[in-house]
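Just so you know, ligand 1 is whichever comes first in the structure, and atom 1 is the first atom listed for that ligand.
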Amino acid sequence: MKIQTNYKISEETSFKCGGKASFYCEVEDIKEFCNLVKFHSGKLYVLGNGTKTLFSDNGFDGLVISTKKLKGMRFYSEEADGEEKLLLECECGVRFDDMHIFCAEKELGGLEFCAGIPASVGGAVIMNAGAFGDEIGSYVEKVEVFQDGSLKILHKNEISFSYRKSSLKNYFITKVWFVVAKSKKNVIINKQQLYLQKRFSSQPQGFANAGSVFKRSEGVVPAEIIDKLGLKGLREGGAMVSEKHAGFIVNTGNATASDIARLIDKIKTKVFAETGIVLEEELILVD
Ligand SMILES: Cc1cc2nc3c(=O)[nH]c(=O)nc-3n(C[C@H](O)[C@H](O)[C@H](O)COP(=O)(O)OP(=O)(O)OC[C@H]3O[C@@H](n4cnc5c(N)ncnc54)[C@H](O)[C@@H]3O)c2cc1C
């Protein structure tokens, strides 16, 4: 196990900013992941693909465990709830991009809607990532978690999912099983391409970002409100409200985490002043 000190964490997040982590480790397998969690005392942050995480410029005075090397995947049929189910088993660090390639090759359908979400499996399930009216939580059959010193399986009826939220927030996820369906390679690839095109036509390209910054809530679509208030292009240092999608903040090249945090505050203040709505961050700010 290699633990690095004073590690520049910005490279590990999609926003490409933030300070240094006192300790950083890319665990090689699930056993190592569990042992580190078990024996580390002090601040701990599990990093999946870092696409919803913003570390402060002051860094993180603790241990960051990256799951990026936990990439095992397989599929099989299993009898569950009195029916034969086709299950895709993924270690928590599997990137969605790799999962989509695997699904196309093995002709496993159902998860195409999340093509283009740059998540790891662990991060996606914790956040109940979703797109185009569908959510990853709907496909979870069971999850393996490390809790109180041992690995446990939580079945779907023991987990709750809601908009960009799950009851798994305080767990360490090691593996997830998704229910998939037999399909055809060309059908899967075509669906994935369709969703990717929709995404590319509406989301900023070429700038570091972390997707939608604010959560939707009943009747509140933050991007629409921010757009209506004319805040596209609003800046704080190197951080800017995307000209293409008002729900995104982009790093125009030299943004600091403080620039992004200040811009978030500015947007929230303006939105509250004009509409009385309190926007809530979907982005995870870590310090
Ligand atoms: C261009 C772009 C487009 C996006 N589009 C979408 C979209 O359409 N829909 C959507 O929902 N999101 C979208 N996102 C946001 C992001 O990809 C999702 O929120 C995703 O679920 C985050 O996964 P991650 O692995 O990167 O999480 P991270 O940022 O690494 O972590 C997120 C949270 O999960 C925790 N975590 C990660 N792995 C584990 C684990 N194994 N055990 C315990 N805790 C863990 C972290 O501690 C943190 O609390 C987008 C982001 C970008 C940059």
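A cation-pi arrangement is not found for K38 relative to F146, the charged atom failing to lie both closer than 6.0 Å to the ring centre and inside a 45° cone about the ring normal.
Ligand 1 has no nitrogen or oxygen under 3.5 angstrom from a nitrogen or oxygen of M127. Considering backbone and side-chain atoms together, T67 places no N or O closer than 3.5 Å to any N or O of ligand 1. For ligand 1, the polar-atom distance check against V46 finds a nitrogen or oxygen pair separated by under 3.5 Å. For ligand 1, the polar-atom distance check finds no N/O of S14 at less than 3.5 Å from any of the ligand's N/O atoms. Polar contact check, T53 against ligand 1: a nitrogen or oxygen pair lies under 3.5 Å apart. Polar contact check, G211 against ligand 1: no nitrogen or oxygen pair lies under 3.5 Å apart.
Here K185 does not pair with E105 in a salt bridge; the nearest charged N to carboxylate O distance is not below 4.0 Å. The residues E282 and K215 are annotated as not salt-bridged, no charged nitrogen and carboxylate oxygen being separated by less than 4.0 angstrom. In summary, D29 and K31 do not engage in a salt bridge, as defined by a charged side-chain N under 4.0 Å from a carboxylate O. One finds no salt bridge joining K71 and D98 here, because no Lys/Arg side-chain nitrogen approaches an Asp/Glu carboxylate oxygen to under 4.0 Å. With respect to E26 and K69, a salt bridge is recorded, a charged nitrogen being found less than 4.0 Å from a carboxylate O. Remark: E141 engages K85 in a salt bridge, criterion side-chain N to carboxylate O under 4.0 Å. Using a 4.0 Å cut-off between charged side-chain N and carboxylate O, R262 and D265 make no salt bridge. We find that E78 and K142 are joined by a salt bridge, their nearest charged nitrogen and carboxylate oxygen being less than 4.0 Å apart.
With hydrogens left out, the protein atom closest to atom 43 (C) of ligand 1 is Y171 O, 3.2 Å, a heavy atom. Residue, atom and distance of the protein heavy atom nearest to atom 42 (N) of ligand 1 are I173 N, 3.0 Å. Scanning the protein for heavy atoms near atom 4 (C) of ligand 1, the closest one is P118 CD, 3.7 Å. Of all protein heavy atoms, the one lying nearest to atom 17 (O) of ligand 1 is T51 OG1, 2.7 Å. For atom 14 (N) of ligand 1, the closest non-hydrogen atom of the protein is I117 CG2, 4.2 Å. The closest protein non-hydrogen atom to atom 15 (C) of ligand 1 is K52 CE, 3.4 Å.
With a heavy-atom cut-off of 4.0 Å, Q203 touches ligand 1 through its side chain alone. The side chain of I126, and not its backbone, has at least one atom closer than 4.0 Å to an atom of ligand 1 (non-hydrogen atoms only; side chain from C-beta on). Heavy atoms from both the backbone and the side chain of N209 come within less than 4.0 Å of ligand 1. Of the heavy atoms in Y45, only side-chain atoms (C-beta onward) come closer than 4.0 Å to ligand 1. With a heavy-atom cut-off of 4.0 Å, A129 touches ligand 1 through backbone and side chain alike.
Between the side chains of S258 and D57, a donor-acceptor pair is found at a separation under 3.5 Å. Side-chain contact check for W177 and Y139: no donor-acceptor pair (N or O, by modelled atom type) lies under 3.5 Å.
In the vicinity of A210, heavy-atom distances shorter than 4.0 Å reach the ligand 1 atoms 51 (C), 52 (C), 53 (C). Taking a cut-off of under 4.0 Å to the non-hydrogen atoms of C92, the atoms of ligand 1 that pass are 41 (N). For ligand 1 and A124, the ligand atoms under 4.0 Å from any heavy atom of the residue are 21 (O), 23 (O). The ligand atoms of ligand 1 that sit less than 4.0 angstrom from a heavy atom of I284 are 32 (C), 33 (C), 48 (C), 49 (O). Here is the list of ligand 1 atoms found below 4.0 Å of a heavy atom in S120: 23 (O), 24 (P), 25 (O).
Proximity of F96 to ligand 1 is not established, as no heavy-atom distance is less than 4.0 Å. Ligand 1 lies within reach of R199, whose nearest heavy atom is under 4.0 Å from it.
The minimum heavy-atom distance between I188 and S183, with the atom names listed, is CG1-OG, 3.7 Å.
By the 30° and 60° cut-offs, the orientation of the rings of Y7 relative to Y24 is parallel. Classification of the H245-F248 ring pair by plane angle, with boundaries at 30° and 60°, yields tilted.
Taking only non-hydrogen atoms, the option from G122, A119, G130 nearest to atom 10 (C) of ligand 1 is G130. Here atom 27 (O) of ligand 1 lies nearest to G123 when heavy atoms of S212, G123, G93 are compared.
For the pair L263 and I267, the minimum side-chain heavy-atom distance is below 4.5 Å.
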